[in-house]
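In this text the structure is predicted, and so the values were computed from the model without any measurement.
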Amino acid sequence: LVMRFMILPVAAYYLIGLLNPFYATAFLLLLCLPAAVSSPAFTAMFSGNVSLSLKILVFSSFLSILTIPVFCDLLLTKEININSRHLFYTMIYTIVIPFIVHLPLRRFKGLRSIITQNSPLITALGLIIVFIAATSSNRSIILESPGKVLLYTLVSVVSYLILYFIGYFLVCQQDKP
């Protein structure tokens, strides 16, 4: 996990930076992100190891509280202006506080059962709400330059698919005797 969340983002930043500083910044931020909140739900849908998926989610989320602000301070001060202290506090509010709040709620078996059974639906609804909020808050930017937004979207989708297939083939190689 240290390789995935600390070494890989920095290596990708410097390698891609040789070609394009914008994409280097984008990949650094993308690779620093914690595991997707939806990963345990997808793991459950595909009969995977949900316990491991949750552990990776929690570990990567808490690690990102430190790595993202530190990498932004060390590597991105020339490219973009980020208030790392504000970013750190925002991550505390969005990661640590919800984690602490959920701890006492785990004791209620009925509530836990409802959430467990409906986690894919809850995750999908949460992601839809986040998407709508992000899109609406950036409405003016999207309408000013739709071509640029489309280009960035295509680059993001292609990058995601490449990383997805790399992961898929790595797993297939592990399954072979």
* To do: Could you list the residues that satisfy side-chain contact (heavy atoms from CB on, under 4.5 Å) with Arg85, not counting sequence neighbours?
  => Asn83, Tyr89
* Asked: Heavy atoms, side chains only, cut-off 4.5 Å: are Phe88 and Leu66 in contact?
  -> yes
Under 3.5 Å, sequence neighbours excluded: what are the donor-acceptor pairs made by side chains of residues 22-36?
from  : atom 1 : to    : atom 2 : distance (Å)
Thr25 : OG1    : Pro21 : O      : 3.1

* Structure fact -> Excluding Leu150, membership of its hydrophobic cluster (Ile, Leu, Val, Met, Phe, Trp, Tyr; side-chain heavy atoms within less than 4.5 Å) reads Leu154
* For residues 10-19, which residue pairs qualify under side-chain hydrogen bond (donor to acceptor under 3.5 Å, both in side chains), counting only residues two or more places apart or in two chains? -> Tyr13-Glu79
* Structure fact -> To the nearest 0.5 Å, atom CD1 of Ile68 lies from atom CG of Leu63 at 9.0 Å
* Asked: Out of curiosity, does Leu74 fall in the hydrophobic cluster containing Ile82 (side-chain heavy atoms, cut-off under 4.5 Å, transitive links)?
  -> yes
* Structure fact -> ring pair (Phe, Tyr, Trp, His ring centres under 6.0 Å) filter on Phe62, not counting sequence neighbours, yields Phe99
* To do: If a pair satisfies ring pair (Phe, Tyr, Trp, His ring centres under 6.0 Å) and one of its residues is in residues 106-130, list it, with sequence neighbours excluded.
  => none
* Asked: CG of Leu151 to OG of Ser156: how many Å apart, nearest 0.5 Å?
  -> 9.0 Å
* Give the minimum heavy-atom separation between Thr67 and Met6, together with the two atoms involved. => CG2-CG, 4.1 Å
* Asked: Between Ser64 and Ile95, is any pair of side-chain heavy atoms under 4.5 Å apart?
  -> yes
* Asked: When hydrophobic residues are tied together by side-chain contacts of less than 4.5 Å, even through go-betweens, does Leu87 share a cluster with Ile97?
  -> yes
* Asked: Below 4.5 Å, heavy atoms only, C-beta onward: do Phe71 and Leu76 meet side chain to side chain?
  -> no
